Amino acid sequence: GLLFGSDTAAANALDDYEEGTWTPALSSGNSSTYDAAFGNYTKIGRFVACHFTLEIGNTFAGGTEQYVIGGLPFARSNQSNTASGSGIVHYFENIATNAHALTLRVDSGQSVMYITGAIAADGATGLAVNANVLQAQANLFGSVFYYTN
């Protein structure tokens with residue numbers, strides 16, 4: 001791998017760098033249409049940064065389960081000493097509730113993001129994102145960061 005300066009330790013070598021695209025898909029138990037669904041990622045060693053745009057079209061077949069966004073390019077590490085994967089929906093509109101924040105979580109060994117949030121300004125009230133929250137013409141733009149194996 002690529003070494004920096006006088007450091008010769010193999011653990012500090014940059015041995016993997018990758019950029020690419022991925023297609024986010026909202027899993028609601030039914031099929032929906034999208035006006036836009038695309039993402040980009042950068043992988044440096046085991047660290048993965050994913051960014052996405054998800055614009056739900058006129059057809060949204062929601063369900064009652066908590067939604068996940070699938071299609072992440074790599075599964076999150078399942079090693080016990082690896083930090084959890086998390087992120088944020090930094091822009092959202094046309095959702096059916098007054099959410100103050102929407103957050104993302106990637107569980108161990110998974111390649112999907114769970115969408116949660118807060119409906120109170122202090123963040124104390126949990127929000128499971130399902131058909132009561134997302135609807136046709138909803139837009140989510142976000143980023144998530146995690147480690148892979």
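Side chains included, hydrogens not; waters and symmetry mates left out as well; all remaining heavy atoms used. Keep in mind that this is a model prediction, so the values were computed, not measured.
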Tested for ring pair (Phe, Tyr, Trp, His ring centres under 6.0 Å) against Y41, the lone hit among F74, F52, Y17, F47 is F74

When you look at E55 and T53, which way does the side-chain contact (heavy atoms from CB on, under 4.5 Å) test go after all the steps?
CA-CA 7 Å; E55 298 177 4; T53 295; 3.9 Å; yes

What I want to find out is whether D16 reaches K43 closely enough, with some N-O distance under 4.0 Å, to be called a salt bridge.
yes

Check step by step if side-chain contact (heavy atoms from CB on, under 4.5 Å) holds for H51 and S143.
CA-CA 4 Å; H51 310 285; S143 302; 2.6 Å; yes

Does one hydrophobic cluster hold both I69 and Y34, with members joined at side-chain heavy-atom distances below 4.5 Å?
yes

Nearest heavy atoms of W22 and P73, plus distance in Å
CG-CD, 3.9 Å

Kindly give the heavy-atom pair with the smallest separation between G39 and P24, and that separation in Å.
N-CD, 3.9 Å

Under 3.5 Å, is there a donor-acceptor pair linking the side chains of Q79 and Y147?
no

From CD1 (I88) to CG (L102), nearest 0.5 Å:
8.5 Å

Taking every heavy atom of I95 against every heavy atom of A138, the minimum-distance pair comes out as CG2-CB, 4.3 Å

Do you see a donor-acceptor pair shorter than 3.5 Å between the side chains of S77 and N149?
yes

Do the side-chain N and O atoms of E93 and N139 include a donor-acceptor pair separated by under 3.5 angstrom?
yes

Heavy-atom closest contact (A75 atom, G109 atom, distance):
CB-O, 3.9 Å

Between T82 and R46, is there a side-chain heavy-atom distance shorter than 4.5 Å?
yes

Using the rule given for side-chain contact (heavy atoms from CB on, under 4.5 Å), can you reason through I115 versus L104, listing the C-alpha separation, both sets of side-chain angles and the distance that settles it, and then say yes or no?
CA-CA 5 Å; I115 313 167; L104 304 166; 4.1 Å; yes

Test: R76 cationic atom under 6.0 Å from Y146 six-membered ring centre, within 45° of axis:
no

Minimum-distance pair of heavy atoms, taken over all atoms of I56 and D35
O-OD2, 3.9 Å

As an exercise, state the distance from CG of D107 to OH of Y114, rounded to the nearest 0.5 Å.
5.5 Å

Any donor-acceptor N or O pair under 3.5 Å, side chains T103, T116:
yes

Indicate if F141 and L72 have the same hydrophobic cluster label, given that clusters are the connected sets of ILVMFWY residues with side-chain heavy-atom separations under 4.5 angstrom.
no

Given 3.5 Å as the limit, does a donor-acceptor pair link the side chain of N78 with the main chain of S108, or not?
no

